[in-house]
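Just so you know, these numbers use all the heavy atoms, side chains as well, and skip hydrogens, waters and symmetry mates. Order of listing sets the numbers, starting from 1, for every ligand and every atom in it.
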Amino acid sequence: MRRFLLFLLAGLLLAACTPKSEMDRYIDDLMSHMTLEQKIGQLNLHSAPGFISAERVTEDDENMKLLRQGLLGGIYGANNLELMRQCQEIALESGAGIPLLFGLDVIHGHETVFPVPLALSTSWNMDLIERTARIAATEAAATGINWVFSPMVDICRDARWGRIVEGGGEDPYLGGEIARAMVYGYQGRDASIGTDEVLACVKHYALYGGAESGRDYNSVFLSRQEAMNGYMPPYKAAAEAGAASYMSSFNEFEGIPASMNTWLMQDVLRDAWGFNGFIVSDATAIAEEVAHGIGDLQEVSARSLQAGLDMDMNSDGYVGTLKKSLEEGRIREADIDRACRRILEAKYKLGLFKDPFRYFDEDRYAASVYTPENRIAAREAARECLVLLKNNGILPLSKDARVAVVGPLAQDAVAMAGTWAMSSHQEECITLWQGISEVAQASCAEGSWLFEDATLEETVRYGLYKVFIPGFQAPPVHTRPQSALIAEAVAKARQADVVIACMGEIPNMNGEGASRTYIGLPDAQKELLSALQATGKPMVLVLVTGRPLTLVEEDASMDAILNVWSPGSEGGRAVADVLFGDVNPSAKLTTSFPRNVGQLPLYYNHKNTGRPHPDEAPYKKFVSCYMDEVNAPLYPFGYGLSYTSYEYGPVTLSSAEMPLDGSVTASVTVTNTGKRDGDEIVQLYIHDIYATSTRPVKELRGFKKVHIPAGQSVQVDFDLSADDLSYYNHALEWVCEPGDFEIMIGPDSQETKGTVLTVL
Ligand code: NOJ
């Protein structure tokens with residue numbers, strides 16, 4: 001106790017003697033003039049249809065009233081320069097005259113749209129990922145936006161969860177690298193935020209991707225240790241990269257909703273990782289704590305604030321109840337001040353106090369948004385995100401071939417845009433049909449419905465509009481009989497040399513609120529595929545999807561499968577670049593593709609168990625396996641084919657032993673044994689053979705994407721130190737435990753070669 005008091009005293013003395021920064025002095029002064037209501041107003045974030053779609057703000061708009069009373073700290077979802085300028089003017093005239101934050105879901109591009117995040121992760125190219133975030137930031141910043149709700153870094157091991165599309169896959173190490181690259185892309189690499197940069201918001205903090213059974217918003221049941229090792233590294237990496245804000249998630253963890261979870265927000269994020277920005281709730285997440293069963297709105301609002309949640313998105317819990325809680329002694333004014341200060345600091349760092357209109361520049365908008373250069377960047381990005389899952393040699397196609405481009409996604413521009421592309425020019429995205437027909441002689445047919453069930457198809461296609469647009473009348477679906485669609489497609493296939501079947505998911509089949517229990521191609525599309533196959537023509541399946549699908553039948557029956565995800569503004573052209581061989585595919589999966597849904601959750605970095613069973617081995621009693629399916633995925637993490645082939649030499653170490661404070665280099669020689677130049681993603685995995693806690697069978701701890709000309713070899717080196725071999729032990733300490741480690745290198749998570757490193 002005496003020691004603690006001494007420390008406290010020393011801390012207080014230090015604080016008193018350290019001169020305050022200019023920002024602190026500015027905010028001290030500002031807050032000294034603010035009323036309690038105005039401070040609480042800063043903690044309030046709203047979206048409203050009026051801000052998104054109205055031509056101008058009307059005085060009876062609910063948000064307008066709040067704005068005039070100085071009770072809004074920010075607005076999100078607005079994407080209309082004139083309207084936002086008007087709101088900023090009102091904010092400056094009202095209350096304490098504090099400028100607004102303008103947030104938006106800029107997730108994989110803005111008006112120029114890049115491949116969906118899961119697709120981008122399959123490039124394993126951090127420079128590319130940073131570049132896409134940088135372009136998105138530049139475009140958003142020229143549109144009045146100063147805060148983007150990205151990166152989404154939730155690790156996911158369950159393809160049933162629709163939001164798997166928004167993140168970087170199942171691996172925490174790769175996820176961390178991606179998180180860092182994206183934060184740098186949005187905010188820049190130094191501490192200052194220029195006018196081409198915006199604040200990042202890391203989400204969804206935390207563990208949202210661990211939703212039980214892949215059902216969105218569901219509870220998360222993980223141990224702290226598994227959370228820290230398997231899921232938290234990307235959130236941590238984002239904090240290290242200087243992310244300005246975090247968004248708390250909808251799920252509960254250890255029986256406490258994340259938005260009021262002190263361990264997550266205070267103990268880990270702030271105290272252990274040193275994050276000093278602000279935390280906003282996800283939309284209505286505070287109000288949802290009532291449904292979680294914690295208390296009424298006043299109770300949950302007070303508890304969320306105390307746990308460290310600074311800003312309330314759309315619940316009106318803070319603005320509606322905090323004053324009362326203060327009067328009743330449930331919270332302290334210091335809790336409100338702390339949250340308010342953090343939000344004012346973000347505004348200060350954005351330069352909004354100096355120039356509240358620095359993000360409103362119509363000329364910049366015209367010059368830097370949706371430009372031809374940005375569209376070229378979108379095409380370049382997409383080329384690196386197309387995963388070749390199967391190829392019996394049919395690809396690349398000859399440009400002289402007559403191709404039939406068929407399937408419900410062949411001409412769907414919106415399917416190219418992907419989830420979270422509402423600010424993009426969705427209808428202008430280059431479709432698969434457009435891209436292919438620019439290169440080859442091609443015919444086209446829709447071929448089938450999306451789903452056999454018309455009601456489901458209508459709900460999936462238009463459900464979102466029904467939620468947001470009152471009185472929305474969905475256009476009819478299934479306007480032509482499936483048999484007629486198929487007959488037309490088959491006729492076109494018969495006249496072609498090769499069939500390119502464009503199938504899979506439209507964006508509404510993945511993303512938020514889009515969990516599935518069946519993740520194969522819908523029956524209607526399978527029916528088309530069988531009919532096309534019956535023509536005997538060579539078949540290429542071009543798969544549009546936002547999640548891993550079960551493709552056992554297609555893997556057996558197709559000549560080639562190219563997984564193109566939702567590839568963005570220039571998607572169709574990038575796909576044609578690969579199909580016709582102008583580009584050699586290099587992408588590799590960042591999520592395991594299951595054989596059937598019963599294998600989920602499925603991830604390569606699983607534990608061994610006490611009764612392990614080889615991945616591909618058939619059923620056996622009393623070992624950890626299934627009676628009716630092997631343990632292995634259909635396509636493993638890290639897998640992806642190319643038009644060339646690579647041979648990996650043995651793994652060598654600069655030394656077989658490494659002291660705890662030392663380092664070693666692991667090397668491999670990779671030879672391009674084919675006839676085309678290629679880019680290969682070389683992956684390094686470790687396995688801690690004996691540890692004080694059980695460790696995964698393999699863990700990615702390094703990767704390099706290298707260009708290897710045909711017939712040539714490249715030596716790839718990885719420097720390893722104790723940090724690369726560390727993990728959170730049972731006491732949640734980050735430790736490297738001396739002993740033997742397998743060091744494995746390979747083209748994917750299954751096909752690795754290894755050697756042993758002893759840590760002394
Ligand atoms: C809910 C989503 O979970 C989150 O990702 C998004 O940023 C907010 N809505 C705001 O649109």
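By the criterion of a heavy-atom distance under 4.0 Å, the side chain of M247, and not its backbone, is placed next to ligand 1.
Note on ring orientation: taking the six-membered ring where Trp is involved, the planes of Y462 and Y465 are tilted (angle from 30° to 60°). Between H204 and F250, the ring-plane angle classifies as parallel under the 30° and 60° cut-offs.
In terms of protein heavy atoms, atom 6 (C) of ligand 1 is closest to D105 OD1, 3.3 Å. Atom 9 (N) of ligand 1 has D282 OD1, 3.3 Å as its closest protein atom, hydrogens excluded (heavy atom only). In terms of protein heavy-atom proximity, atom 5 (O) of ligand 1 is closest to H204 NE2, 2.6 Å.
For R461 and E457, the salt-bridge test passes: some basic side-chain N is under 4.0 Å from an acidic carboxylate O. For R157 and D171, the salt-bridge test fails: no basic side-chain N is under 4.0 Å from an acidic carboxylate O.
E166 does not count as a contact of ligand 1, since none of its heavy atoms falls under 4.0 Å from the ligand.
Counting heavy atoms from C-beta on, the side chains of I145 and M84 come closer than 4.5 Å.
In this view, E505 and N510, R516, T545, R547 satisfy the side chain to side chain donor-acceptor pair (under 3.5 Å) rule, not counting sequence neighbours.
For Y370 and Y365, the gap between ring centers reaches or exceeds 6.0 Å.
Listed by number with element, the atoms of ligand 1 under 4.0 Å from a non-hydrogen atom of Y76 are 10 (C), 11 (O). Residue-ligand proximity, F250 to ligand 1, at heavy-atom distances under 4.0 Å covers atoms 3 (O).
For a threshold of 3.5 Å applied to N or O pairs, the pair formed by K203 and ligand 1 contains at least one separation below that value. Looking at ligand 1, you'll find an N or O of R163 within less than 3.5 Å of one of its N or O atoms.
Distances from atom 2 (C) of ligand 1 to the heavy atoms of M152, E512, M422 show the closest one on E512.
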